[in-house]
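Just so it is clear, the model here is predicted, and its values are computed rather than measured. Numbers restart at 1 for each chain; the letters A, B, ... are given by sequence-line order, proteins then strands. Because only heavy atoms are used, hydrogens play no part in the values below, and waters and symmetry mates are left out as well, while side chains stay in.
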Amino acid sequence: MSEERASLNFLEHIIEEDLQTGYEKAQLRFRFPPEPNGYLHIGHASSICLNFGLGLKYGAPVNLRFDDTNPAKEEQEFVDAIKRDVEWLGFSWDTERYASDYFDQLYDWAVLLIKGGKAYIDSQSSEEMADQKGTPTEAGTESPFRNRSVDENLKLFEEMKAGKFEEGTHVLRAKIDMTSSNMLMRDPIMYRILHKAHHRTNTDWCIYPMYDWTHGESDYIEQVSHSFCTLEFAMHRELYNWFLDQVYEENRMRPKQREFARRNLSHTVVSKRKLAKLVESGVVSSWDDPRMPTISGLRRRGYTPESIRNFADTIGIAKRENLIDVSLLEFHVRDHLNKIAPRVMGVLNPLKVVLTNYPEGEEEWLEAENNPGDENAGSRKVPFSRELYIEKEDFKEEANRKFFRLKLGGEVRLKNGYIIRAESCTKDTNGNIIEVQCTYDPKSKSGSGSEESLRKVKGTLHWVSIAHALKAEVRLYDRLFTDESPDTHKDKDFMDFVNPESLEVITGYLEPSLKDAQIEDRVQFQRLGYFCVDPDSTAEKIVFNKTVGLRDTWAKITQKD
RNA sequence: UGGCCUAUGGUGUAAUUGGCAACACAGCUGGUUUUGGUCCAGUCGUUCUAGGUUCGAGUCCUAGUAGGCCAACCA
């Protein structure tokens, strides 16, 4: 009813304009075209959300197309990982395609170009060709093979295909313009010889088409209406169109390439080469290490697909350089987890508390809300007894009134339990506090409705009963890089900015309800943050990853002082 | 001594296409709260520069400045 006109990004404006000038809505079709040479990362996630989001918005099909034209780098393993990641993000593709599906068609079209005098076989080395290419400010020079006869070109191309030549001896080039101000138009290579097995076509081919020759033609074959790619391909558009011109037939959909700025996330890197280096050098354990910006890493870290989609939606899409602060991504995962993650109690840095007036050997099970923001989340029981753990940070012998926690002579409420008062504490020989002796008010039990239970005390602490606590490995993560843009420094390598303290492994003491937690379960450790169960967990030892901390205004206050 | 692209708060994106510069995050203030969480209210602050067109310019024009991209048998 009160429908607000949603603001459109510039790509949606282009689509809307096309819709008004002749395109039918039913003709709209998009694609997400990864090369299966590595794992998808947060940058791909933005592109996936863009293309599939457009598909959802316009009711248009979106193909998942693997750009698999380089058998030297591509593997089935990556195809499988990519499909799993796209599905995990919550999208479904119309059809699964491969550029390699089109090798025959591409070959036939290439023959057509040769026959039309638009392509030729060059038999120089790549160095010689590079020399003739010119520079951005100087025109190139023509290859001595540029004017080979059509028949000779045809014969050589056939022999290339038949495997008669070594790698590097011949290539097929488009005959365009060696003086173009666009370097890509200076007779670009269409095919090269590669005696390598392809993960799908095996050894059927020993010539493989290059990206530029493949991409637009694949869009055309699939009748993609809008082909969106990142800005570094802007210069390729002219070539994309030139190749399309060679095969385009009237009345068919002519795909349109448009470019958007890749979205950069602060405090990380996303190039496959750099991510691979992090894995190889042992900085992280694997491609799905929870510190990695890969989709599989984010998943293992505890991110939800919703949070990633919301992130992609709010950062939008444009053409200017950007650096998006990772805190925005963290905001979205908190925002979603706050709604869905059950609250539990766990102590990560334990300090023993003894309730001196609580009977020894006694225990009781207290009612605890699973999520105060969600009535339907229900409740659970947590055990309470004479000896408890609280966080070390939650006790001080003396503190000013800004410290809403436990201090000698002060009171505090134990979440879901009783109000306690710190009476004394004991220290080890080094002066470290190792135990706090407290008394509790038996009438102050949470939810009992008694006058005492309604008393307001400043400060509520989480806790866990020592006798009942579940020991768990807890992995705490910090940013992988200390610099917000580690790979943009001219004089420094991105590896120089690796944060040596990005991982801390500790033992946590958790409430026993967590005993049956399953891998990928997500919970909030109250007052600490969101955590999820890592796949490394076993029946004997449960492992939690910290996804993200809660917003911490106390930390800001202490920092200021 | 080239070509292409870009320029809006600390960050990211909008602006009904020439008509009151908005939204989210971050920051700051306060309120609620048995999580120093959540939630609520308020606040902060911007159209790269110089000209021009116009009743009116973030938007159009001219010049400049700054940044990014382009010379792989990679994608």
Side-chain angles (χ1 to χ4, degrees), chain A residues 5-9 13 33-35 37 67-70 72-74 122 125-126 129-131 133-140 167-173 180-184 186 189-194 207-208 210-212 214-215 229 231-238 259 261 263 266 272 310 313-325 327-332 334-335 338-339 343 345 369 371-373 402-405 412-417 419 446-447 453-462 524-529 549-558:
Chain A
R5 185 183 46 257
S7 64
L8 305 178
N9 64 47
H13 278 293
E35 181 188 13
N37 70 340
D67 233 329
D68 56 346
T69 58
N70 185 357
K73 291 185 176 178
E74 296 149 8
D122 199 331
S125 69
S126 60
M129 284 174 31
D131 285 344
K133 194 111 194 191
T135 71
T137 53
E138 295 166 71
E167 287 185 15
T169 52
H170 306 278
V171 292
L172 181 72
R173 297 178 77 177
S180 172
S181 57
N182 182 352
M183 302 286 291
L184 290 158
R186 325 246 259 225
I189 294 172
M190 295 170 66
Y191 275 94
R192 78 285 211 188
I193 298 168
L194 247 29
I207 56 172
Y208 290 92
M210 300 287 288
Y211 166 84
D212 286 297
T214 307
H215 203 91
C229 59
L231 233 34
E232 64 263 33
F233 290 98
M235 300 301 292
H236 293 248
R237 187 151 114 197
E238 190 179 0
E259 310 83 18
R263 279 152 291 180
S266 75
K272 278 168 192 161
N310 290 341
D313 286 347
T314 49
I315 59 181
I317 194 83
K319 292 186 80 166
R320 54 175 154 159
E321 297 299 312
N322 59 72
L323 182 63
I324 298 151
D325 202 287
S327 64
L328 185 59
L329 182 60
E330 292 170 346
F331 162 79
H332 281 288
R334 278 192 200 106
D335 190 45
N338 176 50
K339 296 186 183 92
R343 273 57 170 170
M345 292 195 288
E369 258 184 321
N371 188 338
K402 276 200 280 184
F403 186 74
F404 306 160
R405 304 179 182 195
V412 86
R413 174 171 291 279
L414 295 178
K415 179 79 183 171
N416 305 312
I419 294 173
S446 291
S453 75
L454 268 18
R455 264 177 63 212
K456 301 281 177 200
V457 287
K458 198 73 184 170
T460 302
L461 306 186
H462 63 278
Q524 182 196 90
F525 290 178
Q526 276 181 117
R527 300 213 301 136
L528 297 176
L550 258 27
R551 213 167 141 257
D552 191 352
T553 47
W554 171 240
K556 282 173 198 156
I557 293 166
T558 50

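At a cut-off of 3.5 angstrom, counting only N and O atoms as typed in the model, there is no donor on one side facing an acceptor on the other between the side-chain of A:Thr460 and the base of B:U35. Counting distance only, with no hydrogens placed and no angle test, the side-chain atoms of A:Arg413 and the base atoms of B:U34 include a donor-acceptor pair under 3.5 Å. The base of B:U35 lies close enough to the side chain of A:Gln524 for a donor and an acceptor atom to sit less than 3.5 Å apart. Judged by distance alone, with hydrogens and angles left aside, A:Arg551 brings no side-chain donor or acceptor close enough to the base of B:G36 to form a pair under 3.5 Å.
We find that A:Asp552 and A:Lys556 are not joined by a salt bridge, their nearest charged nitrogen and carboxylate oxygen being 4.0 Å or further apart. Taking a cutoff of 4.0 Å between a charged side-chain nitrogen and a carboxylate oxygen, A:Glu259 and A:Arg237 qualify as a salt bridge.
Comparing the C1' positions of B:A21 and B:G45 gives an interatomic distance of 12 Å, to the nearest angstrom. Taking atom P in both B:G9 and B:U59, one finds a spacing of 14 Å when rounded to whole Å. A distance of about 16 Å separates the C1' atoms of B:G12 and B:G27, rounded to the whole Å. As rounded to the nearest Å, B:U43 and B:C60 have C1' atoms that lie 36 Å from one another. Distance noted for atom P between B:C28 and B:U38: 13 Å (whole Å). Only the C1' atoms considered, B:C70 is 29 Å distant from B:U11, to the nearest whole Å. Annotation: B:A26 and B:C44 have their C1' atoms spaced 12 Å apart (nearest Å). Across the P atoms, B:G56 and B:G52 are found 12 Å apart, a figure rounded to whole Å.
With hydrogens and angles left out, the side-chain atoms of A:Ser446 and A:Arg413 include a donor and acceptor closer than 3.5 Å. A:Asn182 and A:Ser180 share no donor-acceptor pair across their side chains, judged by distance under 3.5 Å alone.
Heavy atoms of A:Arg343 sit under 4.0 angstrom from at least one base atom. Using a 4.0 Å heavy-atom distance criterion, A:Phe403 is classed as a base contact. Residue A:Asn9 is in sugar-phosphate contact alone, with no base atom involved, counting any heavy-atom pair closer than 4.0 Å across all strands shown. Within 4.0 Å (heavy atoms only), A:Ile557 reaches at least one base atom of the nucleic acid. Using a 4.0 Å heavy-atom criterion, one finds that A:Leu328 contacts the sugar-phosphate atoms exclusively. When heavy atoms are screened at a 4.0 angstrom cut-off, A:Arg405 is found touching base atoms of the nucleic acid. Contacts of A:Lys456 with the nucleic acid, taken as non-hydrogen atoms under 4.0 Å apart, involve only primed sugar atoms and P, OP1 or OP2. When heavy atoms are screened at a 4.0 angstrom cut-off, A:Gly140 is found touching no nucleic acid atom at all. Counting non-hydrogen atoms under 4.0 angstrom, A:Ala234 reaches nothing in the nucleic acid.
Shown here, B:U65 is classed anti by the O4'-C1'-N9-C4 or O4'-C1'-N1-C2 angle, which is more than 90° from 0.
For the pair A:Thr553 and B:G37, the criterion of a side-chain N or O lying under 4.0 Å from OP1 or OP2 is met. Between A:Lys556 and the phosphate of B:G27, there is a side-chain N or O to OP1/OP2 separation shorter than 4.0 Å.
Searching all strands for a Watson-Crick or G-U wobble partner of B:C20 with both distances below 3.5 Å returns nothing. Here B:C39 sits opposite B:G31 as a Watson-Crick or G-U wobble pair (both hydrogen-bonding atom distances under 3.5 Å). The pairing partner recorded for B:G56 is none, the criterion being a Watson-Crick or G-U wobble arrangement whose two distances lie under 3.5 angstrom. Base pairing annotation: B:U62 forms a Watson-Crick or G-U wobble pair with B:A50, both donor-acceptor distances under 3.5 Å. Pairing of B:G2, defined by two Watson-Crick or G-U wobble distances under 3.5 Å, is identified with B:C70.
Proximity note for A:Ile324 (side chain, C-beta onward) versus B:G37, B:C25, B:G12: the nearest is B:G12. Each of B:U1, B:C39, B:U35 was ranked by its minimum atom distance to the side chain of A:Leu550; first place goes to B:U35. Of the candidate nucleotides B:G12, B:U34, B:U13, B:U13 has the atom lying nearest to any side-chain atom of A:Ala318. Minimum atom distance to the side chain of A:Asn322 is reached by B:G12, of the listed B:C39, B:G12, B:C25.
Projected onto RNA chain B by closest heavy-atom contact, A:Gly459 and A:Ala261 fall at different nucleotides, the more 5' of which corresponds to A:Ala261. Where A:Arg455 and A:Asn338 each meet RNA chain B at their nearest nucleotide, the meeting point lying more 5' is that of A:Arg455.
For the pair A:Glu369 CD and B:U33 C1', the computed distance is 12 Å after rounding to whole Å. Note: CZ (A:Phe404) to C1' (B:U34) measures 14 Å, nearest angstrom. The separation between A:Lys339 atom NZ and B:G37 atom C1' is 14 Å, rounded to whole Å. To the nearest angstrom, C1' of B:C25 lies 14 Å from CG of A:Leu323. Rounding to whole angstrom units, CG of residue A:Asn310 and P of B:C25 are separated by 12 Å. Here the P atom of nucleotide B:G2 and the CZ atom of A:Arg186 are 14 Å apart, to the nearest Å. As rounded to whole Å, 14 Å separates atom C1' of B:U35 from atom CZ of A:Arg334. Whole-Å rounding puts the A:Glu330 CD to B:G12 C1' distance at 15 Å.
Checking side-chain atoms of A:Glu138 against main-chain N and O of A:Gly134 turns up no donor-acceptor pair under 3.5 Å.
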Once each nucleotide of nucleotides 64-75 of chain B is scored for protein heavy atoms under 4.0 Å, what B/S/- sequence comes out, 5' to 3'?
----S-SB-BSB
Kindly indicate, with the supporting measurements, whether the criterion side-chain contact (heavy atoms from CB on, under 4.5 Å) is fulfilled by A:Arg343 and A:Glu369.
CA-CA 8 Å; A:Arg343 273 57 170 170; A:Glu369 258 184 321; over 6 Å; no
A:Met210/A:Val171 under side-chain contact (heavy atoms from CB on, under 4.5 Å): CA gap, chis, key distance, verdict
CA-CA 11 Å; A:Met210 300 287 288; A:Val171 292; over 6 Å; no
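Side-chain atoms of A:Met345 and A:Leu461, non-hydrogen and from C-beta on, never get closer than 4.5 Å to each other. Counting heavy atoms from C-beta on, the side chains of A:Thr460 and A:Arg527 never come closer than 4.5 Å. Between A:Leu328 and A:Ile315 the shortest side-chain heavy-atom distance falls below 4.5 Å.
Partners of A:His215 under the ring pair (Phe, Tyr, Trp, His ring centres under 6.0 Å) rule, at least two apart in sequence or in another chain, are A:Tyr211.
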